[in-house]
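Scroll down for the structure; my scribbles are underneath it.
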Amino acid sequence: MDDALDELVKSSANFGYLVKHEPVLAFDGASAESYIYTDPDAAMFKARRFLEALSKKAVSVFGVSSEAKRLYDRILDLQRAGAIDKDIQHLCDLIRKAGNQAVHGHMRDVQVALQVVRHCFDLGLWLHNTIVGAQETKVFVPPRAPDLVPSPRDADGPAALQEIRGMLATFERRLVLLESEREGSPAQPASSLAPIAAASMKRQASLGEALRSAGDRLESRRNELHARLDQRVGEEIGAVSRHDELRQNAQAAADLLRDEAERLDGIAQELEESKDGPGDSISVLNIAGDNSNNFVVGKTYGSTVNTTFGPGWRR
């Protein structure tokens, strides 16, 4: 056991709290996040590992009878058992497909890696709220430091860089709003709270550097934890207590994710409207169908803008 490494992972703002539910989730999530800018393919591969672990944990939590070896089949078993709804299933599919493409196609796409890791964050929060029966709101804290934000040479030209910066701006604004909404906190102007958000993002970047430096130690500890998960899943399947309650919790937790995505949509639209030049717009667009939550910040397809989450999204 590497206590120092465990404590390092626990310090992740996005995934550390998952240790109490399933330690390997914290390791896979934090590890995936640490590679977003330096090796986006590795980030997406590790995000897929996060999903692998989360699907096994969900099978155990919900008592779903599944002998599936493939991730795709396990997700289907969860959906058929009513443990996940179509939107959670869609999130799972986005992560799974991106991970597969990164392994076989060498995508090297920072923007997609950032999206995929954020989807892992969403699923981790969904699982947390499902297990504890809470409606806890957490906001994704993207790693950000001057030496980690890609330059046009690193990304696919200036347009891709603009999209990445637009996503980061949206998340950063949400962090500022969350800080201003904290109970008992007096109203403060955004300018006074922005440094708090920036510091949080910088801490995540520093954590990523430390985790990358851990190298083989991190992988060894992660593999140990995943093996323990496999053993527990085999032992725990079949328990029936709380399953109906947990399914209700899961639906409420999915609704909370949709509400949060609508907030991000609104923030991105505000940022778009605040831009002066026609080439500087920031928007959240649906690129995968009406029921998709695969939003992209800053990319416009023709003249049609379909917001993924916003008024009227829920049927």
Side-chain angles (χ1 to χ4, degrees), residues 13-14 32-33 35-38 40 43-44 47 91 94-95 98 107-122 139-179 190-191 193-202 204-205 208 257-258 260-288 292-311 313:
N14 294 321
E33 180 181 74
Y35 284 96
I36 289 173
Y37 302 113
T38 60
M44 286 182 269
L91 275 182
L94 289 173
I95 297 169
M107 297 172 68
R108 293 185 289 273
D109 193 321
V110 172
Q111 180 191 1
V112 174
L114 182 58
Q115 289 175 320
V116 165
V117 171
R118 191 262 169 153
H119 291 328
C120 288
F121 166 81
D122 284 341
V139 175
F140 179 62
V141 183
R144 186 172 190 176
D147 59 333
L148 285 181
V149 177
S151 70
R153 297 187 304 277
D154 301 322
D156 186 18
L161 177 60
Q162 178 186 338
E163 292 164 9
I164 294 165
R165 287 177 171 165
M167 293 177 71
L168 292 172
T170 300
F171 292 133
E172 187 170 11
R173 176 70 64 85
R174 181 65 181 101
L175 285 169
V176 170
L177 290 174
L178 179 67
E179 190 65 30
S191 59
L193 296 172
I196 298 175
S200 296
M201 296 165 77
K202 187 174 182 179
Q204 285 298 101
L257 290 187
R258 285 185 277 269
E260 177 62 19
E262 288 184 5
R263 295 202 66 169
L264 286 173
D265 176 72
I267 291 169
Q269 295 299 337
E270 289 176 6
L271 290 174
E272 176 186 17
E273 292 168 3
S274 70
K275 294 295 182 180
D276 296 325
D280 295 328
S281 64
I282 299 175
S283 58
V284 178
L285 310 177
N286 180 356
I287 62 170
S292 166
N293 38 15
N294 182 20
F295 66 84
V296 175
V297 180
K299 183 176 292 184
T300 303
Y301 291 80
S303 60
T304 302
V305 176
N306 294 317
T307 54
T308 302
F309 293 100
W313 178 83

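This chain uses plain numbering: 1 for the first residue, then up along the sequence. This one's a predicted model, so the numbers in the text were calculated from it and none came from an experiment.
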Look up atom [atom1] in [X] and atom [atom2] in [Y], then write down how far apart they are to the nearest 0.5 Å.
| X | Y | atom1 | atom2 | value |
| --- | --- | --- | --- | --- |
| Glu262 | Leu264 | CD | CG | 10.5 Å |
| Glu172 | Ile267 | CD | CD1 | 11.5 Å |
| Leu177 | Arg263 | CG | CZ | 6.0 Å |
| Gln269 | Thr170 | CD | OG1 | 9.5 Å |
| Leu94 | Met44 | CG | CE | 12.5 Å |
| Leu114 | Arg144 | CG | CZ | 10.5 Å |

Is any side-chain heavy atom of Arg118 closer than 4.5 Å to one of Pro142?
no
Does Val112 reach the side chain of Pro40, with side-chain heavy atoms less than 4.5 Å apart?
no
Any idea which heavy atoms bring Val141 and Glu33 closest together, and the distance?
O-OE2, 3.7 Å
Write down the atom of Val139, the atom of Leu175, and the distance for their closest heavy-atom approach.
CG1-CD2, 3.8 Å
Given 3.5 Å as the limit, does a donor-acceptor pair link the side chain of Tyr37 with the main chain of Ala205, or not?
no
Residue list, side chain to side chain contact (heavy atoms under 4.5 Å, CB included) with Ala32, at least two apart or on another chain:
Lys46, Ala47, Val117
Can you sort out the partners of Tyr35 under ring-ring contact (aromatic ring centres under 6.0 Å, His included), two or more places apart, ordered by chain and number?
none
Parallel, tilted or perpendicular: rings of Phe140 and Phe171 (30°, 60°)
perpendicular
